[in-house]
Amino acid sequence: MMASTSDITTVHPDIIHSHILTRLDGPTLASAAASSSHLRRLCTEHNLWRNICTDMWPSLHDPLTTALISTFPAAHRSIFSDSFPSLHHSYSSHHHPTPSPTELVSAVDLYYKGKPVFSRVVRTETNKGWFLCSPLWIELVDPNEFVPTTVKFAQNGDEEEWLKHLEENLSLSWIMIDPTRKRAGNLSSRRPAVVRRHWLTDEVEVLYAVVMGVVQCSIKVTCCGKVGGEMHVREVSLTMEDMEGRHVVGRDSMVILQEAMENGERKKVDVEEAKKSFEKFCLMKREMREKKIKREKALDMVAMLVAFTVFAFLFCLVRFCV
């Protein structure tokens, strides 16, 4: 039976640290820290949180992320608090813009059956004209690059069954770090919203999506390979679009991301709920597109009628004058 918090103070701190705290995962360690002031002092030890974060997100081993995390108020504990499990926020267009950072850092990890198969860190300059005025597009893999993995591509057997297998076993984390405000957030739904074959290239597309009110943050992982051989990662990209299907430009995306990092809720993603949110967003986007097309057709018809009326009037006027 576990000792009470009043008795645990009699246990030597090294024993608690070596035999108990090092065996805990992040959520359990955070809960232990909240149980008593004595455990809080022990649970805030830096190495504990560094090991938890780098084990969970191997991309945080990168020298760039290591240097950034050291500037956060509580280092790796701050990153864990901001990035676990996923970021949820209902963004609207009424928020006031704030000064943007000069760069964003993405730390991305792709897992197969819980084991990392792809990790990468990329820095994105956000104060350049091309970023501010162009649709947000963060790409991790170079156009001619193919990153090998240990995953077998296209198992022999039923196609739908294999895609379902990938849907259940391919997970992804995309931690976006704001070096200026010392904040971060995990922009991935963790589990895929959709796994499908591309109709033209026959490559596998795995989509992860988080809906933030009127916008959706989408991460696409494109994989290729030969049947029975290694699956290669050909593309990992992040985009953001609104309900009209328009891609959000860099300037607006910075406002959304900053607001989400500051005020967003961190909570576990329910797989079915994430899929329903993705499908609902796609449905609303399709409906808005259809309404826009109908409206444009109606305006075209009115313009044609007006033009025909003016032409008929002028024709009659000319005939009358003659």
Side-chain angles (χ1 to χ4, degrees), residues 53-54 56-73 75-91 95 97-111 116 118-128 131-132 134-141 171-190 193 207-213 215-221 235-241 247-267 269 274:
C53 288
T54 52
M56 181 177 293
W57 302 301
S59 58
L60 299 187
H61 277 293
D62 189 276
L64 174 58
T65 54
T66 300
L68 281 178
I69 293 170
S70 67
T71 66
F72 276 54
H76 285 85
R77 186 156 56 94
S78 294
I79 281 289
F80 184 87
S81 177
D82 273 357
S83 306
F84 183 85
S86 288
L87 185 61
H88 293 256
H89 185 59
S90 296
Y91 176 80
H95 296 291
T98 55
S100 299
T102 57
E103 66 176 10
L104 290 173
V105 175
S106 300
V108 182
D109 297 284
L110 181 67
Y111 311 83
F118 171 88
S119 296
R120 186 156 294 185
V121 174
V122 64
R123 172 187 278 150
T124 304
E125 293 183 333
T126 60
N127 60 346
K128 303 295 184 181
F131 175 86
L132 296 173
S134 303
L136 176 70
W137 182 285
I138 300 178
E139 178 65 69
L140 298 187
V141 181
S171 56
L172 180 134
S173 167
W174 188 303
I175 299 177
M176 187 72 76
I177 303 174
D178 181 346
T180 303
R181 292 174 173 264
K182 317 300 181 190
R183 297 305 303 265
N186 203 324
L187 304 179
S188 174
S189 58
R190 190 67 182 179
L207 300 180
Y208 303 83
V210 173
V211 177
M212 298 183 185
V215 298
Q216 178 175 266
C217 184
S218 302
I219 301 169
K220 182 170 74 171
V221 178
E235 176 189 355
V236 183
S237 60
L238 181 145
T239 58
M240 194 177 289
E241 62 180 350
H247 287 281
V248 181
V249 299
R251 180 183 291 105
D252 296 335
S253 68
M254 290 301 301
V255 177
I256 297 170
L257 290 174
Q258 285 183 306
E259 171 66 23
M261 289 182 192
E262 291 285 346
N263 303 312
E265 182 182 2
R266 275 71 175 177
K267 67 178 184 179
V269 179

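The shown structure was predicted, so the numbers you read here are calculated from the model rather than taken from an experiment.
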Is the NZ or CZ atom of Arg190 both under 6.0 Å from the centre of the six-membered ring of Tyr111 and within 45° of that ring's axis?
-> yes
Minimal non-hydrogen separation, His89 against Gly264, with atom names | ND1-CA, 3.8 Å
What distance separates Leu60 CG from Ile69 CD1, expressed to the nearest 0.5 Å?
-> 4.5 Å
In short, Ala184 meets Arg266 closest at the heavy-atom pair O-NH2, 2.7 Å
So do the side chains of Thr65 and Trp57 get within less than 4.5 Å of each other, counting heavy atoms only?
-> no
Looking at CD1 of Ile177 and CG of Leu64, how far apart are the two atoms once the value is rounded to the nearest 0.5 Å?
-> 7.5 Å
Pairwise side-chain contact, Leu104 with Met254, heavy-atom cut-off 4.5 Å (strictly under) | yes
Does Trp174 reach the side chain of Asp109, with side-chain heavy atoms less than 4.5 Å apart?
-> no
Point-to-point distance, once rounded to the nearest 0.5 Å, from OG of Ser106 to CZ of Arg123 = 11.5 Å
Minimum heavy-atom separation for Ser59 to Val121, with atom names?
-> O-CG2, 3.4 Å
Determine whether Asp82 and Met261 make a side-chain contact, defined as any pair of heavy atoms from C-beta on separated by less than 4.5 Å.
-> no
With distance as the sole test, does Ser81 use its side chain to make a donor-acceptor pair with the main-chain N or O of Ser78 at under 3.5 Å?
-> no
From OG (Ser83) to NE2 (His76), nearest 0.5 Å | 10.5 Å
Which distance, rounded to the nearest 0.5 Å, do you find between the OG1 of Thr126 and the CG of Leu257?
-> 10.5 Å
Using a 4.5 Å cut-off on heavy atoms from C-beta on, say whether the side chain of Arg181 contacts that of Pro101.
-> no
Taking NZ, NE, NH1 and NH2 as the nitrogens, is one of them in Arg183 or Asp178 under 4.0 Å from a carboxylate oxygen of the other?
-> no
What one should report as the nearest heavy-atom pair of Val215 and Val248 is CG1-CG2, 4.2 Å
Using a 4.5 Å cut-off on heavy atoms from C-beta on, say whether the side chain of Leu87 contacts that of Met176.
-> no
Euclidean distance, Trp137 CH2 relative to Glu139 CD, rounded to 0.5 Å | 6.5 Å
Side-chain heavy atoms of Pro85 within contact of Asn186, under 4.5 Å = no
Across all chains, not counting sequence neighbours, the side chain to side chain contact (heavy atoms under 4.5 Å, CB included) partners of Lys220 are Glu205, Leu207, Thr222, Glu235, Ser237
Short question: side chain of Ser86, backbone of Ser188 - any donor-acceptor pair under 3.5 Å?
-> yes
Verify the neighbour count for atom CD of Glu125: are there more than 12 heavy atoms of other residues, nucleotides or ligands below 6.0 Å?
-> no
With sequence neighbours left out, what residues match Val221 under side chain to side chain contact (heavy atoms under 4.5 Å, CB included)?
-> Leu110, Leu172, Val206, Tyr208, Cys223, Val233, Val236
Which pair of non-hydrogen atoms, one from Ser189 and one from Val210, has the smallest distance, and what is that distance?
-> N-CG2, 3.6 Å
